[in-house]
Number of protein chains: 2
Amino acid sequence: MFSQVYSGPTRSKGDRLGADRERQMATIKDVAARVGVSVATVSNALNGKPNVGSAVRRKVLRAAKDLGYRPHRAAQAMRKGRTRAIGLVLPDLTNPFFPQLAQTVENKARKLGLLVCLIDSQDSPEGEADGLTLLAQHGVDGIIWCPVGPRIPRPIHTFGRPVVLIDRPRPGFAVVHSNNLMGGQLLAQYALRHGHTRVGLLSGPRSVESAQQRRNGFVTAHPQQIEIAWEVRVGFDGILPPEACAALLERRGATLVVAGNDLIAINALRWLTQHDVRVPEDVSIVGFDDISWARIVSPRLTTVAQPLVAIGTRAVELLEERLCGAVIASRATVFDVTLVERESVKSI
Amino acid sequence: MFSQVYSGPTRSKGDRLGADRERQMATIKDVAARVGVSVATVSNALNGKPNVGSAVRRKVLRAAKDLGYRPHRAAQAMRKGRTRAIGLVLPDLTNPFFPQLAQTVENKARKLGLLVCLIDSQDSPEGEADGLTLLAQHGVDGIIWCPVGPRIPRPIHTFGRPVVLIDRPRPGFAVVHSNNLMGGQLLAQYALRHGHTRVGLLSGPRSVESAQQRRNGFVTAHPQQIEIAWEVRVGFDGILPPEACAALLERRGATLVVAGNDLIAINALRWLTQHDVRVPEDVSIVGFDDISWARIVSPRLTTVAQPLVAIGTRAVELLEERLCGAVIASRATVFDVTLVERESVKSI
DNA sequence: CATGTGGAGAAAAACGTTTAACTGAGCGCG
DNA sequence: CGCGCTCAGTTAAACGTTTTTCTCCACATG
């Protein structure tokens with residue numbers, strides 16, 4: 001009798017109709033009360049500790065399930081110092097390179113029971129610093145990070161948490177990225193195969209290592225067979241400086257334009273089209289990244305595809321390893337790239 | 001000697017060099033110790049409670065700043081039941097409609113000190129449910145949500161937390177979205193202004209309310225002046241069913257194709273181009289959404305722009321209001337849309 | 001002087017976990 | 001028998017806050 005009255009308030013949480021949950025989630029205490037055992041035992045049972053009998057363990061598991069018990073992550077975080085949340089710090093989601101990455105990272109992380117906390121710094125170092133501080137405050141366990149600046153700021157707030165960089169290596173940090181050198185080489189082979197022996201370069205910024213690699217891969221692959229007619233440096237946002245526009249119009253004998261990434265290639269494409277230069281009839285173009293836009297411009301862009309899914313997945317795996325205590329040396333994981341042939345290149 | 005050894009571990013946290021932080025962040029205890037006051041007083045001072053003298057308050061604030069103290073959010077969460085984190089649940093980041101939304105939401109949220117936890121359900125109801133469970137487990141304070149299914153699943157895990165929907169109204173939930181009806185009307189006026197009196201419709205799915213509104217806005221704006229030559233329903237992913245392809249080729253007198261969104265419009269555009277129908281010379285096309293792709297296809301797409309930034313910002317504001325206890329009735333916030341005139345429409 | 005009154009701060013409890021330390025019971029063994 | 005050991009479980013401390021309750025003291029008022 002009395003026990004019924006007493007148990008009332010507790011019971012009403014999860015018992016009615018099974019899946020019904022009023023507002024508060026069931027706590028470990030509720031489970032303990034229902035089984036008639038101490039909270040410690042419940043915790044031990046739930047965490048697979050050896051010091052709990054199999055009968056009790058079964059009962060606990062059962063009760064937890066019945067009550068729809070979920071551990072209170074904030075409480076766990078307090079005790080263990082782990083939140084099972086990770087930060088994903090990106091420079092700009094509206095750059096079509098990143099959404100698929102974000103999607104992959106989130107999905108892979110969720111499979112591992114990790115929550116992804118997003119920071120979009122809008123390409124601003126201050127925003128990035130703010131975001132990192134916020135992440136640190138929430139105690140995320142680790143960070144997947146595509147840093148905006150060429151250098152990791154000095155007193156950076158990783159707070160001793162593991163970091164995996166994406167796409168942009170920085171000394172002392174683990175990184176996963178594509179084989180940009182190989183990409184450049186693939187493009188060079190491809191150019192040669194289609195008879196292009198004189199090309200113009202719209203290389204990415206000198207400060208971005210991947211841009212440098214792409215360029216060098218291309219330039220050094222067949223140096224005696226491919227001649228660089230001209231080269232202009234362009235930011236990875238694809239905005240063409242006047243010299244680039246001029247070079248595109250003059251061309252100086254180049255039959256192929258090799259762009260540092262798809263954004264650059266697409267802007268070049270548009271500039272050319274606007275000035276009545278036909279692609280690929282008058283000049284061919286190749287890009288790099290295979291962003292979604294490459295498929296919808298016309299002509300569709302021949303480009304080098306990065307294995308975004310593999311990169312995102314691997315970054316999460318790498319981070320998770322480190323979360324679990326593996327103190328692996330900060331190495332780079334490099335993925336092969338593939339050439340995607342479309343219609344922006346004509347054979348000569 | 002011994003006292004040095006003893007005090008080592010504690011002091012080394014925040015005292016050396018002031019801003020130096022070894023690995024643990026400074027705690028409220030450190031601040032209290034430095035000022036020589038109790039932790040309660042520090043907490044009170046930091047939270048602006050009235051029962052602390054102005055001299056002490058100043059000293060506390062100063063010390064907190066010196067130590068780079070940040071409240072431990074997990075600990076706060078335990079006590080207050082608030083995490084200052086929100087969930088952002090989206091169906092598919094690779095759909096170009098969402099990245100800007102996500103960016104806006106994150107930035108606005110960060111300004112309010114809220115951390116954004118991302119879920120990308122990849123258009124799967126199960127993924128969505130998983131994500132919501134994960135969010136609930138982490139105790140996010142509220143959720144901004146663009147639901148994938150036509151209906152909010154029954155035993156859905158919002159756990160009594162406030163929810164603000166985006167773009168897709170569901171009974172009983174607050175929502176912020178664009179005035180799709182108005183968008184349809186704008187398009188009708190625009191069509192008429194350019195002499196299109198016979199049009200084909202590639203409407204969005206009947207099950208999506210916004211699609212319905214867009215269509216109805218268009219159809220009912222000038223019913224006696226615009227004739228609907230044909231109508232085919234297409235999913236918002238833009239994949240054209242055979243009837244749609246057939247209709248595009250035949251056209252049956254339609255001089256303008258009105259698509260349910262940009263994805264549909266762009267696919268139609270490509271289909272037409274592949275079949276040697278020129279746009280806009282042979283037929284005009286308009287879309288809806290003004291996704292980034294609309295700017296890079298050729299011809300660039302005339303479309304209706306949704307104020308994505310306003311929508312994202314407002315959603316966060318609305319949610320924050322609710323977090324702060326305002327129990328406002330679940331209303332819809334509707335934003336005006338604007339017509340963006342580009343080159344996919346020709347006057348007749 | 002005795003008695004409130006209010007202000008400023010301290011002490012302690014609480015949030016939901018995990019974990020270290022402890023307690024008995026049962027058992028084998030010298 | 002009594003010693004130690006293992007098993008299965010309990011108690012209690014701890015994590016970093018916030019909040020409630022408590023204490024102390026100065027001061028005003030009768």
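Remember, predicted model here, so these are calculated numbers, not experimental data. By convention in this document, chain letters (A, B, ...) are assigned in the order of the sequence lines, proteins followed by strands, and residues within each chain are numbered from 1.
- Across all strands shown, B:N44 has heavy atoms under 4.0 Å from base atoms, whether or not it also approaches the sugar-phosphate.
- Atom CZ in B:R57 sits about 13 Å away from atom C1' in C:dG7, given to the nearest Å.
- Nearest nucleotide to the A:R79 side chain, out of D:dC15, D:dT10, D:dT17: D:dC15.
- Distance from the side chain of A:V37 is smallest for D:dG9 among the nucleotides C:dT18, C:dG16, D:dG9.
- Remark on DNA chain D: of its neighbouring residues A:V39 and A:P50, the 5'-side contact belongs to A:P50, judged by nearest-heavy-atom nucleotide.
- In this structure, the separation between OG1 on A:T333 and CG on A:L165 is 11.0 Å, given to the nearest 0.5 Å.
- Each of D:dT17, C:dG9, D:dT11 was ranked by its minimum atom distance to the side chain of B:Y69; first place goes to D:dT17.
- Here the side chain of A:T27 is nearest to one of C:dA11, C:dG16, D:dT17, namely C:dG16.
- For B:N51 and B:A75, each mapped to the nucleotide of DNA chain C holding its nearest heavy atom, the one lying further toward the 5' end belongs to B:N51.
- The side chain of B:I28 has D:dT18 as its nearest neighbour among D:dT18, C:dG9, C:dT19.
- Using a 4.0 Å cut-off, some side-chain N or O of B:S43 falls inside it from OP1 or OP2 of D:dT18.
- A:Q76 has its CD atom 17 Å from the P atom of D:dG16, to the nearest Å.
- The OG atom of B:S121 sits 9.5 Å away from atom CD of B:E126, with the distance rounded to the nearest 0.5 Å.
- Between B:D30 and B:R34 there is no salt bridge, since no side-chain nitrogen of the basic residue lies less than 4.0 Å from a carboxylate oxygen of the acidic one.
- In the set D:dT17, D:dT11, C:dG9, the nucleotide with an atom closest to the side chain of B:V56 is C:dG9.
- Of the listed nucleotides (D:dT19, D:dT17, C:dG9), C:dG9 has the atom at the smallest distance from the side chain of B:T41.
- Sequence order on DNA chain C of the closest nucleotides to B:K80 and B:S54 puts B:S54 first from the 5' end.
- Few gaps surround CZ on A:R57; more than 12 heavy atoms of other groups in view lie less than 6.0 Å from it.
- Atom NE2 in A:H72 sits roughly 11 Å away from atom P in C:dC15 (whole-Å rounding).
- Atoms NZ (A:K49) and P (C:dA20) sit 8 Å apart, rounded to a whole Å.
- The CG-C1' distance, from B:D30 to D:dC15, rounds to 14 Å in whole Å.
- Using a 4.0 Å cut-off between charged side-chain N and carboxylate O, B:R84 and B:E320 make a salt bridge.
- Atom-to-atom, CZ of A:R73 to P of C:dT18 comes out at 11 Å; the value is rounded to the nearest Å.
- Rounded to whole Å, the distance from CZ on B:R82 to C1' on C:dA14 is 17 Å.
- Remark: P of C:dT19 and CE of A:M78 are 14 Å apart, rounded to the nearest angstrom.
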